[in-house]
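In what follows, a structure is listed as structure tokens, so that the remarks can point back to it.
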Amino acid sequence: MNRRSTEELYHEIKNATNMEDFLTKNRTEMLHHTLCEHLQMLLSQKKLSRAQVVRGSQLDRAYVYQIFSGEKTPSRDKLIALSFGLGLTDEETQTMLKLSGNRELYARDERDALILFALQHKWTIMDTNELLFSHELALLGTQRM
């Protein structure tokens with residue numbers, strides 16, 4: 001099944017005369033799960049263990065486990081660090097940020113642009129942090145500078 005792009009849905013909303021018809025027609029396109037459920041789905045899709053996500057995200061083990069269990073609500077930066085641990089694409093990261101109610105990565109923001117570049121090139125969080133550090137910007141998965 002081909003999912004429609006967010007832009008296509010947005011365009012359809014702009015032209016809709018009846019939102020009930022739009023929602024009925026696009027029910028399968030809507031996000032219907034919590035962040036915790038989404039993370040569990042990603043873990044399964046990527047065939048990763050939580051321990052692998054901890055290593056790849058450079059976040060505290062207990063904190064990551066609490067995020068996955070729904071006990072903790074992570075900040076935007078913690079979610080971005082998790083996206084590196086999960087090996088997400090830039091698009092998958094944007095979806096996760098939207099689902100969590102956080103601001104998407106914005107290409108006009110220098111730090112976000114560097115993170116988007118790193119995600120698109122499948123860099124590790126360590127490589128990404130070196131890039132952020134070289135631009136004197138806050139690192140991911142660690143204490144702020």
Side-chain angles (χ1 to χ4, degrees), residues 1-16 19 22-23 25-145:
M1 172 183 171
N2 274 343
R3 291 189 60 89
R4 295 176 48 221
S5 72
T6 302
E7 291 78 22
E8 289 171 318
L9 292 173
Y10 182 76
H11 180 72
E12 193 172 326
I13 289 171
K14 283 177 80 169
N15 295 317
M19 272 312 289
F22 169 84
L23 289 173
K25 177 182 173 189
N26 295 295
R27 183 91 36 222
T28 60
E29 299 288 338
M30 300 295 127
L31 298 174
H32 293 287
H33 47 271
T34 65
L35 176 62
C36 180
E37 292 167 339
H38 187 71
L39 290 171
Q40 293 295 338
M41 179 204 62
L42 289 170
L43 200 61
S44 177
Q45 274 182 354
K46 304 288 182 175
K47 296 179 176 34
L48 294 170
S49 68
R50 290 180 186 183
Q52 289 171 304
V53 175
V54 168
R55 282 191 297 278
S57 68
Q58 293 191 340
L59 295 172
D60 177 73
R61 179 188 163 282
Y63 187 71
V64 170
Y65 280 67
Q66 290 171 332
I67 293 170
F68 273 92
S69 69
E71 295 173 49
K72 294 282 185 182
T73 302
S75 67
R76 181 176 184 261
D77 270 7
K78 300 290 189 217
L79 282 173
I80 294 168
L82 273 181
S83 73
F84 282 94
L86 286 161
L88 301 185
T89 66
D90 57 317
E91 290 174 1
E92 290 169 326
T93 300
Q94 299 288 47
T95 298
M96 183 174 61
L97 289 170
K98 284 186 272 190
L99 181 62
S100 69
N102 282 287
R103 178 175 62 85
E104 291 179 71
L105 291 164
Y106 184 51
R108 291 184 184 270
D109 178 278
E110 181 182 5
R111 183 171 182 264
D112 284 1
L114 293 171
I115 293 168
L116 280 167
F117 176 85
L119 287 166
Q120 290 168 354
H121 290 86
K122 300 187 184 320
W123 285 16
T124 67
I125 196 167
M126 291 176 69
D127 293 332
T128 305
N129 278 339
E130 286 182 24
L131 181 64
L132 293 171
F133 183 80
S134 72
H135 288 265
E136 299 180 354
L137 296 167
L139 307 181
L140 294 167
T142 61
Q143 295 295 331
R144 297 234 171 219
M145 289 175 56

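Atoms considered below: every heavy atom in the structure, side chains included; atoms not considered: hydrogens, waters and symmetry mates. Position 1 is the first residue of the sequence, and the numbers go up from there.
Proximity of Leu119 to Thr89: side-chain heavy atoms (C-beta onward) are nowhere separated by under 4.5 Å. By the 4.5 Å heavy-atom criterion applied to side chains, Leu82 and Phe68 are counted as neighbours. Counting only heavy atoms from C-beta outward, the side chains of Leu97 and Arg103 never approach each other to under 4.5 Å. Counting only heavy atoms from C-beta outward, the side chains of Leu86 and Leu39 approach each other to under 4.5 Å. Side-chain contact between Thr93 and Glu104 is absent, with no heavy atoms from C-beta onward closer than 4.5 Å. When side chains are defined from C-beta on, Lys78 does not count as touching Lys72, because their heavy atoms never get closer than 4.5 Å. Counting heavy atoms from C-beta outward, Phe22 and Leu9 have side chains that approach closer than 4.5 Å. Using a 4.5 Å heavy-atom threshold, the side chains of Met96 and Glu91 count as separate.
Here the straight-line distance linking atom OG1 of Thr73 with atom CD of Gln66 works out to 11.0 Å at 0.5 Å rounding. Rounded to the nearest 0.5 angstrom, Leu105 CG and Arg111 CZ are separated by 9.0 Å. To the nearest 0.5 Å, the span separating CG on Leu79 from CG on Leu35 amounts to 5.5 Å. Rounding to the nearest 0.5 angstrom, the gap separating the CG atom in Leu88 from the CD atom in Gln94 is 11.0 Å. Leu139 contributes atom CG, which lies 9.0 Å from atom CD of Gln58 (distance to the nearest 0.5 angstrom). Atom CG of residue Leu43 and atom OG of residue Ser49 lie 7.0 Å apart, to the nearest 0.5 angstrom.
Smallest separation of non-hydrogen atoms from Gly141 and Leu59: CA-CD2, 3.6 Å. Scanning both residues, Asp112 and Arg76, for their nearest heavy atoms gives OD2-NH2, 2.8 Å. Residues Val64 and Ser57 approach most closely at CG2-OG, 4.1 Å, considering heavy atoms. Of all non-hydrogen atoms in Tyr65 and Val54, the two that sit nearest each other are CE1-CG2, 4.1 Å. Across all their heavy atoms, Ala118 and Thr128 have their closest contact at CB-OG1, 3.1 Å. Shortest non-hydrogen contact noted between Pro74 and Ile67 is CB-CD1, 3.7 Å.
At distances below 3.5 Å, not a single donor-acceptor pair connects side-chain atoms of Asp77 with backbone N or O atoms of Leu140. Not a single donor-acceptor pair under 3.5 Å links the side chain of Ser44 to the backbone N or O of Gln40.
Using a 4.0 Å cut-off between charged side-chain N and carboxylate O, Asp90 and Lys122 make no salt bridge.
The closest side-chain donor-acceptor pair between Ser69 and Glu71 falls under 3.5 angstrom.
The ring-ring contact (aromatic ring centres under 6.0 Å, His included) search around Tyr63 returns none, not counting sequence neighbours.
Residues Phe117 and Trp123 place their aromatic rings such that the two centres sit under 6.0 Å apart.
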